[in-house]
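To start, the structure itself, in structure tokens.
Proteins come first, then strands; the chains are lettered A, B, ... in the order of their sequence lines, and each starts at number 1.
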Amino acid sequence: MLLQFREEVEAALTDALGALELPTDDLGIERPPEDVDAVLASSAAFRAAEAAGAPPPAVAADVAERIDAGDYRLIGAVVTQGTYVNFLPSDAYYEATLEAAHEDDYGRLDPTGESVVVEHTSANPTGPVHVGRARNPIIGDALCRLLEFAGYDVDRHYYVNDAGRQMAVFTWAYETFDESDLPDPERDKPDYDLVRYYREGNEFLEEGPEAEVEAAEDAIQAIMQGLEDGDEETFERVQRVVDQVLDGMRATLQRLGVEFDEFVKETRFMRAGETDDVVERLRDLDEAVYEEDAWQLDLSAFGIDKNFVFLRSDGTTLYTTRDIAHHEWKFDEYDRAITVIGEDHQLTFEQLRRALELLGHDTDRLEQLFYSWVNLPGGGGMSTREGTGVDLDELLDEAVARAREEVEARMDERTRGDLTDEEVERIARQVGIGAVRYDVVAKQPTKAITFEWDRALDFEAQSAPYVQYVHARTCGILERAESVPQAVDADALTEPKAHDLLETIARFPAVVEEAAAAREPHAVATYTREFAETFNGFYRECPVLDEDVPDDLREARLALVAAARHTVANALYLLGVEAPESM
RNA sequence: GGGCGUGUGGCCUAGUGGACAGGGCGGGAGGUUCCUAACCUCCCGAUCGCGGGUUCGAACCCCGCCACGCCCGCCA
């Protein structure tokens, strides 16, 4: 309802400033500090003071004077506080909020008619997903949920790098080494099984006897050439490895609640000839240069000193060359393309963007969301090839185990019956996985983070369980009440804490709109925290089911709790954090 | 050396031009015969990396510097 309130405030301010012959280009609408009793405020008087030839507070008073709250449905009163013009809500504002949030899908915005493909994760199918990469699926999936909720038509893609040198090495290693020479897999999953060959192969290439390494390089080269030439048998050999590893990785991502609409393989753009076509067109560009037997693009006009090599001297293409074909396909199929990608790919992505621009594409349709790496304490990075780091499976196991301990520790203090084993397991899973996702999604992606068990799995305040607990509380109340009233009178809700809660609920659709527009899922996490705090304030001061509560008040408070439940459930959904009905 | 990013109490973090910088962790003091205490209340604690500039007003914009991260491969 805040969105509608804002529209009224805009209209009111525009009219008032216009009537006073003051500029209306910057209305200065903002959200006031917590202790100010207004939904929105305007700081326009600061800037209008000079034009008005009067001190700012006097201008604010004039503006407020000009606005008749009675002309508006949602604005209850307009008051000044110093230079600020504050807009207070009407009874109808609370009424309308309660009514809107009665719906299960409260906060969902109207379809925009715009299609967008979000590519995220896209980790090379070389082995188990580790924590260093875990930011990508978590941020990417939250972004997808957010955009979809905000009315976009979203497709989720995982781009599979199945054609690079890495995969050629992997395929060669898989076909060359014998399982009996490898260590036992860390888990009974195909990605853990196969990564042993990949690691063994890389080690061999680095430290093996020179002559044998040379022979291996020939074999690897043959695989790459086979892919480039569209050789079916080579494709199948590589796919045998790729598909197995991918199955394992997909299973891990599924534990996190992350799923995709499509796994797009880069070989697809080689088989049908799109990549060759891209090479042709790049070669025809004025910026194309042929140096040291390789075709390159001179991007110095864009401030990129490093030449972008798009065709190796051996005639094979590079990752980014294939990615150009991939993105041309995205441009054909979707209105917008967003890629969630590690900051270490910034230069490559810039080269991709510029190349696409030179090929005549409108690259404003291409967006990227960079996140920085997760490091290990002590400064080490995580590498699949070297086998360093913490596997995502390991993190999730540990998270659930710690959550289980927490649930069991709280069993003794429970005032309401024991939990069954299934319930303990369900809560542990929801809380453990939720804590991991929340911890990652709540932070700005550009900030570097260092992985620490205790911090990642802290179930105290400002974590998923804190918010999940609020959801469980709403469910607890509603379950006991048995029925939620259909039509209620919001006028019965007079306490400040009830109004605070309604105002916070009213903000939700605006939070969705702004977070989606800015591509900032973490803003939703910030909101859930504020929401939980506000709900707990209401919970403390406004009993719902107490015998002393009169019927009409009880009904109104029940409706408010139902509205709160829909809001927090949807907010958690956007973050990919499950909303337990009890915990 | 160049490019991109980050710098907010002891630690983590929100806040991209406006009302005393908001939370959490930690430390201290309290709260439950009452809808789930994974909760709440109060207290302790900040030269918003440093220096300049723009502005009525700067954590936020501009310039310089410092620190840290990432990139600068015919890898992905």
If you look at every strand shown and take non-hydrogen atoms under 4.0 Å, does [X] touch a base, only sugar-phosphate, or nothing?
{"X": "A/P56", "answer": "nothing"}
{"X": "A/E533", "answer": "sugar-phosphate"}
{"X": "A/V544", "answer": "base"}
{"X": "A/T320", "answer": "nothing"}
{"X": "A/S372", "answer": "nothing"}
{"X": "A/C475", "answer": "nothing"}
{"X": "A/A481", "answer": "nothing"}
{"X": "A/Y539", "answer": "base"}
{"X": "A/S313", "answer": "base"}
{"X": "A/D35", "answer": "base"}
{"X": "A/T83", "answer": "nothing"}
{"X": "A/V431", "answer": "base"}

Rounding to an integer number of angstrom, what distance separates [N] and [M] when you compare their [atom1] atoms?
{"N": "B/A21", "M": "B/U6", "atom1": "P", "value": "23 Å"}
{"N": "B/C44", "M": "B/C50", "atom1": "C1'", "value": "28 Å"}
{"N": "B/G15", "M": "B/G26", "atom1": "C1'", "value": "23 Å"}
{"N": "B/A67", "M": "B/G24", "atom1": "C1'", "value": "26 Å"}
{"N": "B/G27", "M": "B/A14", "atom1": "P", "value": "23 Å"}
{"N": "B/C48", "M": "B/G9", "atom1": "P", "value": "9 Å"}
{"N": "B/A46", "M": "B/G10", "atom1": "C1'", "value": "12 Å"}
{"N": "B/C11", "M": "B/G51", "atom1": "C1'", "value": "27 Å"}

Consider the side chain of [X], meaning its heavy atoms from C-beta on, and name the nucleotide among [options] that approaches it most closely.
{"X": "A/N124", "options": "B/A37, B/A19, B/A76", "answer": "B/A76"}
{"X": "A/I449", "options": "B/C25, B/A76, B/U13", "answer": "B/U13"}
{"X": "A/R473", "options": "B/U13, B/C25, B/C39", "answer": "B/C39"}
{"X": "A/Q444", "options": "B/A14, B/A19, B/A38", "answer": "B/A14"}
{"X": "A/V407", "options": "B/C39, B/A38, B/C74", "answer": "B/A38"}
{"X": "A/N86", "options": "B/C74, B/A19, B/C70", "answer": "B/A19"}
{"X": "A/Q166", "options": "B/C75, B/C40, B/A38", "answer": "B/C75"}
{"X": "A/Q346", "options": "B/C75, B/C4, B/A37", "answer": "B/C4"}
{"X": "A/L347", "options": "B/C71, B/G5, B/A76", "answer": "B/C71"}
{"X": "A/P32", "options": "B/C34, B/A19, B/A76", "answer": "B/A19"}

Distance check: side-chain N/O of [X] vs OP1/OP2 of [N], anything under 4.0 Å?
{"X": "A/R410", "N": "B/A38", "result": "yes"}
{"X": "A/Y466", "N": "B/C40", "result": "yes"}
{"X": "A/Q351", "N": "B/C72", "result": "no"}
{"X": "A/Q462", "N": "B/C25", "result": "no"}
{"X": "A/H345", "N": "B/C75", "result": "no"}
{"X": "A/N536", "N": "B/C40", "result": "yes"}
{"X": "A/R322", "N": "B/A76", "result": "yes"}
{"X": "A/R312", "N": "B/C75", "result": "yes"}

message: I need the full list of salt bridge (Lys or Arg N to Asp or Glu O under 4.0 Å) pairs touching residues 39-60 of chain A, with sequence neighbours left out, sorted by first then second residue.
response: A/D26-A/R47

query: Can you list every salt bridge (Lys or Arg N to Asp or Glu O under 4.0 Å) pair that touches residues 119-138 of chain A, not counting sequence neighbours?
result: A/E119-A/K330

query: Are A/Y371 and A/W373 close enough that their ring centers fall under 6.0 Å?
result: no

Every protein N/O lying under 3.5 Å from an N/O of nucleotides 65-68 of chain B:
none

message: Ignoring hydrogens and geometry beyond distance, is a side-chain donor-acceptor pair present between A/R473 and A/N536 at under 3.5 Å?
response: yes

message: Any donor-acceptor pair under 3.5 Å linking the side-chain atoms of A/N124 with those of A/T126?
response: no

Ring pair (Phe, Tyr, Trp, His ring centres under 6.0 Å) pairs, two or more places apart, involving residues 423-446 of chain A: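 Qualifying pairs: none.
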
Protein-nucleotides 55-64 of chain B N/O pairs closer than 3.5 Å?
none

field: Residue pairs passing the side chain to side chain donor-acceptor pair (under 3.5 Å) test where at least one lies in residues 539-560 of chain A, sequence neighbours excluded
entry: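 Matches after skipping sequence neighbours: A/E495-A/R557.
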
message: Does this structure show an ion pair linking A/K447 with A/E343, if we count only N-O contacts that are shorter than 4.0 Å?
response: no

field: Presence of salt bridge, A/E408 and A/R404, under 4.0 angstrom
entry: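 Here A/R404 does not pair with A/E408 in a salt bridge, since their nearest N and O are not under 4.0 Å apart.
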
query: Can you name the side chain to side chain contact (heavy atoms under 4.5 Å, CB included) partners of A/V309, sequence neighbours left out?
result: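 Scan of A/V309 (side chain to side chain contact (heavy atoms under 4.5 Å, CB included), adjacent residues dropped) gives A/A294, A/Q296, A/L318.
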
message: Which label fits A/H326 and A/Y159: parallel for a plane angle under 30°, tilted from 30 to 60°, or perpendicular past 60°?
response: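 Parallel: the ring planes of A/H326 and A/Y159 meet at under 30°.
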
task: For A/F87, enumerate each residue passing the ring-ring contact (aromatic ring centres under 6.0 Å, His included) test, keeping only those at least two apart in sequence or located in another chain.
output: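 With sequence neighbours excluded, A/F87 shows a ring-ring contact (aromatic ring centres under 6.0 Å, His included) to no residue whatsoever.
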
task: For A/H120, check ring-ring contact (aromatic ring centres under 6.0 Å, His included) against everything at least two apart and list the hits.
output: A/F260

field: Qualifying residues under side-chain hydrogen bond (donor to acceptor under 3.5 Å, both in side chains), relative to A/D62, sequence neighbours excluded
entry: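 side-chain hydrogen bond (donor to acceptor under 3.5 Å, both in side chains) check on A/D62 returns nothing, list empty.
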
Side-chain donor/acceptor pairs under 3.5 Å, residues 27-40 of chain A, sequence neighbours excluded:
| unit_1 | atom_1 | unit_2 | atom_2 | d |
| --- | --- | --- | --- | --- |
| A/E30 | OE1 | A/S43 | OG | 3.4 |

Which atoms of nucleotides 8-11 of chain B (N or O only) lie under 3.5 Å from a protein N or O atom, and what are those distances?
| unit_1 | atom_1 | unit_2 | atom_2 | d |
| --- | --- | --- | --- | --- |
| B/C11 | O2' | A/R455 | NH2 | 2.8 |

